Amino acid sequence: MSSTAPTPADPADRPTPDPSVTPAAESPVPSEAELLATARPATVRRAPKFSVFIAAGAIVGIVVGLVLVAVLKAPGVEWIADGTGFIWFLEGEGAVRTVTAVGLGVLGGFVGGALAVLADRRSRDPHARRR
């Protein structure tokens, strides 16, 4: 036995369609003039992803900090810690590297966030590109 209901064979037994509902195949196609009268121009807003800007700024800040420490290194200071401190990366030259990398990483994150805000403002205001 099938679970589908049989279709009535007699046309009088079939339900009459509602005249207010038009099927999709019979809907009228609007003319070009009607489309132009109702259409509005669309604008696409390309908003930046703030997390990407902040992360990129932090990574650039860390790299710049590590390069600065390597370039501005004092000639008599050893790169490798002797291991007498409580935290190995916070003694000697490691402390300078860590503090500089973290500090410039945070600063780079703020700069990246500021650039994201500027890019977001430019994406909202179409006239900002002319300035």
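Just so you know, these numbers come straight off a predicted model, no measurement behind them. FYI, side chains are in, hydrogens and waters are out, and symmetry mates aren't considered; it's all heavy atoms of this structure.
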Rounded to the nearest 0.5 Å, the CG atom of L66 sits from the OG1 atom of T98 at a distance of 8.5 Å
Spell out, yes or no, whether L107 and V60 are grouped together once hydrophobic residues are joined by side-chain heavy atoms under 4.5 Å, including indirect joins.
yes
Closest heavy-atom contact between G65 and L104?
CA-CD1, 3.4 Å
Value rounded to 0.5 Å, distance of CD1 in I62 from OG1 in T100
12.0 Å
Minimum heavy-atom separation for A119 and P48, please, with both atom names.
CB-CG, 3.9 Å
Going hydrophobic residue to hydrophobic residue with side-chain gaps under 4.5 angstrom, can you get from L72 over to V64?
yes
Identify the residue among L68, V69, V67 that makes a side-chain contact (heavy atoms from CB on, under 4.5 Å) with V71.
V67
Remaining members of hydrophobic cluster (4.5 Å side-chain criterion), F50
V117
